[in-house]
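We count ligands from 1, going down the list as the structure has it; atoms in each ligand are counted the same way. What you see is a predicted model, and the numbers here were worked out from it, not measured in a lab.
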Amino acid sequence: MKIISINAGSSSLKFTLFELPEKVTIASGTFEKIGLDDSFYTIKFNGEKSKKEVSVPNHTEAVNILMKELIDMHIVSSLDEIEGVGHRIVHGGSEFTDSVVLNDDVIKKIATYNEYAPLHNPANLLGVEAFRKALPNAIQVGVFDTSFHQTMTKEHYLYPVPYEWYEKYGVRRYGFHGTSHKYVYNEIKNHLGKEKLKAITCHIGNGGSVSAIDNGKVIETSMGFTPLAGLMMGTRCGDIDASILEFICNKKNITIGEATNELNKKSGLLGVSGISSDSRDIEDAIAKGDERAKLAQDIYADKVANYIAMYNNMLDGADVIVFTAGLGENSKDMRQAIISRIHSLGVTLDVQANDMRGEFKCISGKDSKIPVYVVPTNEELMIALDTFNLKNK
Ligand code: ADP
């Protein structure tokens, strides 16, 4: 069965077409700069990548172009072959604890969470509307970044702020990257062949979060009310003292919105190094002796290490630690920097095993008290699998 997995952003739309249950990727691609003058799209199929620069005024048009290309490039012979569309939706609040079939009522409910994720949710829903029109016979499924984390108990999701902030306005920890944490947890569980597994999963890419997972249930995750919380990230600050906001607004005579924007876009690796949000640039700068780049890497590693130690305590001892996403899969330096900071847990590194990129592999030493694995994530496949499962229900 063919299932297409969709990630619609405010000016982009990414797709991957799968054959399931075989888990074969048939084609993938991206529409970028939707609504801008220099919009374009790329499609990867049969080992070749094609790029076309055409006007893509909105998401509906992007989907129309995609449908036409799927036929013209003989990727499918009829659009009816696509039996399901899985949509990444960033915020499902505390209500959507699992993936869900999208109908009018569900879409209306999702829209009530738009104010929690104003940059993402409305864009995700534009993608849903476009595909409901283009493929009316296919099942449409919403897969939320938040839902895997909704097993957290109040002890772990409540902030110690006035209780009415939670009751009246929904201020609490929701967590994000759930699709990735769920995917790598399932992968490592299958690999280790364990019925019950306590895992600490570290999704560290441009954004980053760590989760403590016990027997398939998230106990706690480092992102919070928004994806700004927790770890230091490429451009995001992670956890900081909330009083800084008022202080810096007064000092710089800027609004809370402007200051929050700096915490989201000008902080993290970029803010500390003054060079880049991309860890490849940071590693290049470190090699040339740049001290602030080294400081940025050290702070980053320190935050991840401390979350691992805290979550190991919460789990009363983890069975496995997993690294995934851009840095977790590709940066041997960052993995080493993190592991060198969790000696107190008895974790050791196999330096040779760690010298690789993008492989599913154990990288800890034989004497390590907790094994450490790199597990490449595949959020698109996870979205497609949830869609496939709801289609077959
Ligand atoms: P996103 O959160 O946007 O999905 P990714 O998971 O793709 O991001 O992670 C992107 C980040 O991964 C890059 O910014 C870069 O810091 C890091 N990265 C990718 N490849 C490498 C590499 N070879 N070495 C070090 N870091 C890398």
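Polar contact with ligand 1: present for N206 (N/O pair, distance under 3.5 Å). Considering backbone and side-chain N/O of S279, one or more are found under 3.5 Å from N/O of ligand 1.
Looking at R357 against ligand 1, only its side chain comes within 4.0 Å, counting heavy atoms.
Distance from atom 21 (C) of ligand 1 to its nearest protein heavy atom, with residue and atom name: N330 CB, 3.4 Å. Here the heavy atom of the protein found nearest to atom 24 (N) of ligand 1 is R280 CG, 3.5 Å. Looking at atom 15 (C) of ligand 1, its nearest protein heavy atom turns out to be D278 OD1, 3.3 Å. Scanning all protein heavy atoms for the shortest distance to atom 18 (N) of ligand 1 gives G326 O, 3.7 Å.
Looking only at atom types and distance, the side chain of S211 has a donor-acceptor partner in the side chain of H181 under 3.5 Å away.
Proximity of D281 to D278: side-chain heavy atoms (C-beta onward) are separated by under 4.5 Å at one or more points. In this structure, C202 and V210 have side chains that are in contact, with non-hydrogen atoms separated by less than 4.5 Å. By the 4.5 Å heavy-atom criterion applied to side chains, D38 and E53 are not counted as neighbours.
With F40 as the aromatic partner, K33 does not meet the cation-pi criteria of under 6.0 angstrom to the ring centre and within 45 degrees of the ring axis. Y157 does not carry R173 over the face of its six-membered ring by the limits of under 6.0 Å from the centre and within 45° of the normal.
Between Y174 and H91, the ring centre distance stays below 6.0 Å.
Atom 4 (O) of ligand 1 is never approached by the protein to below 4.0 angstrom, counting heavy atoms only.
Distances below 4.0 Å separate heavy atoms of G207 from the following atoms of ligand 1: 2 (O).
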